[in-house]
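Note that this is a predicted model, so its numbers are computed, not measured.
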Amino acid sequence: MHAPRWSAAFLLATFFAGAADAQAPARLRVSENRRFLEDASGRPFFYLGDTAWQLFHRLNREEADLYLRNRAAKGFTVVQAVLLAELGGLDEPNAYGDLALQNRDPDRPNEAYFRHADWIVRRANELGLVAGVLPTWGSYWKQGAGQIFNPQNAYRYGLYLGKRYRAASLIWILGGDQNVETPEERAIIDAMARGLREGDGGAHLITFHPRGPGQSSLALQDAPWLDFHMNQTSHGARDHDTGLFIERDLRLQPLRPTLDGEPRYELIPVGFYMANYSRLDRFDDFDVRQAAYWAILAGACGHTYGHSSVWQMWQPGRKPILWPSVPWREALDHPGAFQMSHVRRLFESRSFSKLVPDQTLLLNAPQTGGAKVRAARASDGSFVIVYSPFGEPFTIEKSRLPAKRLKEIWYDPRYGVAHLVHRTDNQGFQTYTPPTRGRGQDWVLILEDESAKLPALPGME
């Protein structure tokens, strides 16, 4: 056994972002009510992630800077990337010719490779982004031909990473698109988590990215190191209700925050792992929006976006996985990515950490299929948010809201523009008919207490 070649702990200061005009929280924690994330000052943290799985492995510093600036400018708060990457992560060098490990040995990390990863983590923090770091893709700890980890070296590797990134603004994401299915696999994951926690002194939250469609809670609900749950609703079908995964997690004890870490990607073929899929039938920006609003209104502490070209940083000359059709630089600016900023703006403007899912608010609303309407209310009664994916009408008993006077607002999730349409009392039943109807014509209704004087959304000024 080779002695581990570890560098000194890699120190990162807290940086003020440039393009993002924000400061990355140096530490994140679980909120007191166990449903959301927050920074060390108690300010709610909205997890808006992007899957950039091959970021450390495929991009040079100039390219990584371009990617990170783009995501910061669009309002993302987390970038999810893998140190030992899925695509050639052990046998193909990074952009500078460096392999991640010497001789595929977790006890022999290549210092040059990890210095490049250091730079990306530091740059992300400078731009106000939290690094969502996967120590390894799942194929390397999963029992099988590609396995390189056992409990002993998994612990040492976790310790090495924990020490190296102790001062970074970071979330550890174990798993990597695999599920724990045997006691031996559980021992490896537990050991790596123990190493991370000992190495960073408990400075960072830890979660687990499962294979989809799946949930971290199915195998790891009893894991003491698991700070919040992550699910993967995956890419199998249109109108797959992402909120169901969130609802299940929030019924468990002990209660943990939860979110979707890999929903349907923009431009990935629908149901590519099914026998009858078509390469030409692709998820679009509506599918992305629907997944986000359904999950958040079901109680998620945030959401993750993904794009078929961006996760793999595909460009001509690279082997394509699942038929990416657009180079990653161009794909950065596809509609779904822009629309995620509208998601964050809306929920942060209305104190998302007050939200309590409440389907009982809805009367005569579609409750199944792609048109399913979801609703949530503020715990103090100051506002209600309702999402109608197909623009179908729904009815609310307004007297259930404590405010005597209400503002009725339609929010367009395609453009992030709000329209104040009425001021009214809280009496009686009201049927709300969105301005347009059909697939891709989704609308958000906001009912808010007029006396609360909540911030004006774009279009309302």
Side-chain angles (χ1 to χ4, degrees), residues 1-2 4 6 9 27-30 34 37 53 80-86 89-90 100-101 104-109 131-166 168 170-212 214-232 248-249 252-259 261-262:
M1 176 68 68
H2 295 287
W6 297 340
R27 295 290 184 269
L28 295 176
R29 66 190 185 193
V30 174
R34 310 297 299 172
L37 306 180
W53 303 132
Q80 299 173 193
V82 191
L83 288 170
L84 306 184
E86 175 188 11
L90 301 184
L101 305 176
R104 299 170 62 95
D105 184 351
D107 280 323
R108 303 185 69 196
V133 177
L134 285 75
T136 177
W137 200 243
S139 55
Y140 307 133
W141 61 261
K142 188 75 175 174
Q143 289 179 305
Q147 182 180 3
I148 64 170
F149 282 103
N150 56 51
Q152 292 73 38
N153 63 21
Y155 166 77
R156 292 190 293 267
Y157 179 65
L159 188 68
Y160 162 75
L161 294 180
K163 289 181 176 180
R164 190 175 190 102
Y165 295 105
R166 184 171 187 146
L170 181 148
I171 293 170
W172 295 117
I173 305 175
L174 298 179
D177 203 34
Q178 291 290 348
N179 296 322
V180 172
E181 296 179 295
T182 69
E184 293 78 12
E185 291 172 354
R186 176 64 185 268
I188 293 170
I189 292 299
D190 283 347
M192 192 175 294
R194 187 173 70 254
L196 290 170
R197 188 129 287 167
E198 290 183 18
D200 69 14
H204 304 115
L205 298 175
I206 304 178
T207 188
F208 184 95
H209 169 244
R211 192 167 183 81
Q215 298 176 266
S216 62
S217 58
L218 293 176
L220 297 169
Q221 175 64 13
D222 65 338
W225 49 263
L226 190 71
D227 293 304
F228 66 95
H229 284 306
M230 182 175 280
N231 67 67
Q232 179 185 165
R248 181 191 178 279
D249 280 349
L252 300 174
Q253 292 296 327
L255 180 63
R256 293 181 174 98
T258 184
L259 60 85
E262 186 177 336

Handout entry: Residue pair F228 / L28, side-chain heavy-atom distance below 4.5 Å
Key = no
Exercise for the section: Return yes if some donor-acceptor pair links the side-chain N/O of K142 with the main-chain N/O of N179 below 3.5 Å, else return no. Expected result: yes
Problem - Q215 vs T258 side-chain heavy atoms within contact, under 4.5 Å - result: no
Practice task
Determine whether W172 and L161 make a side-chain contact, defined as any pair of heavy atoms from C-beta on separated by less than 4.5 Å.
Solution key: yes
Exercise for the section: Report yes if the side chains of W225 and L196 come closer than 4.5 Å at any heavy-atom pair, otherwise no. Expected result: no
Handout entry: Interatomic distance, Y160 atom OH to Y165 atom OH [nearest 0.5 angstrom]
Key = 6.5 Å
Problem - Side chains of T207 and L259 in contact at under 4.5 Å (non-hydrogen atoms) - result: no
Handout entry: Gap separating the CD1 atom of I189 from the CG atom of L226, nearest 0.5 angstrom
Key = 11.0 Å
Problem - Exam field: side chain H209 to backbone G138, donor-acceptor pair closer than 3.5 Å - result: no
Exercise for the section: State whether the side chain of Y157 and the backbone N or O of P135 hold a donor-acceptor pair below 3.5 Å, judged by distance alone. Expected result: yes
Handout entry: Contact summary for S216 and H229, nearest pair of heavy atoms
Key = OG-ND1, 2.9 Å
Practice task
With rounding to the nearest 0.5 Å, note down the distance linking CZ in R156 to CG in L159.
Solution key: 10.0 Å
Handout entry: Check: L174 and F208 side chains under 4.5 Å, non-hydrogen atoms
Key = yes
Fill in the blank from the handout: When every non-hydrogen atom of P151 is compared with those of A191, the smallest separation belongs to O-CB, 3.2 Å
Problem - Side-chain donor or acceptor of D177 paired with backbone N/O of Q232 under 3.5 Å - result: no
Handout entry: Within residues 187-201 or reaching into it, pairs that qualify as salt bridge (charged side-chain N to carboxylate O under 4.0 Å, His left out) - sequence neighbours excluded
Key = R186-D190, R197-D227
Exercise for the section: Can you measure from CG (L220) to CE (M230) and round to the nearest 0.5 angstrom? Expected result: 12.5 Å
Completion exercise
Across all chains, not counting sequence neighbours, the side chain to side chain contact (heavy atoms under 4.5 Å, CB included) partners of P254 are Q221, R256
Practice task
Report yes or no: does W141 contribute a side-chain atom to a donor-acceptor pair with the main-chain N or O of G175 at less than 3.5 Å?
Solution key: yes
Practice task
Working to the nearest 0.5 Å, report the span between CZ of R34 and CD of Q253.
Solution key: 10.0 Å
Practice task
Rounded to the nearest 0.5 Å, what's the gap from CZ on R248 to CG on N231? Could you check?
Solution key: 10.5 Å
Exercise for the section: Work out which heavy atom in A100 is nearest to a heavy atom in G89; give both atom names and the distance. Expected result: CB-O, 3.9 Å
Exercise for the section: Give a yes or no answer on whether the side chain of Y140 reaches the backbone of A85 with a donor-acceptor pair at less than 3.5 Å. Expected result: yes
Problem - Side chain proximity check, H204 to I171, heavy atoms < 4.5 angstrom - result: no
Completion exercise
Heavy-atom closest pair (P106 atom, F149 atom, distance to 0.1 Å) is CB-CE2, 3.5 Å
Completion exercise
For L170 and V133, the nearest pair of non-hydrogen atoms, with its separation, is CD1-CG2, 3.6 Å
Practice task
Check E181 against E185 and note the closest heavy-atom contact, atom names and distance.
Solution key: N-OE1, 2.8 Å
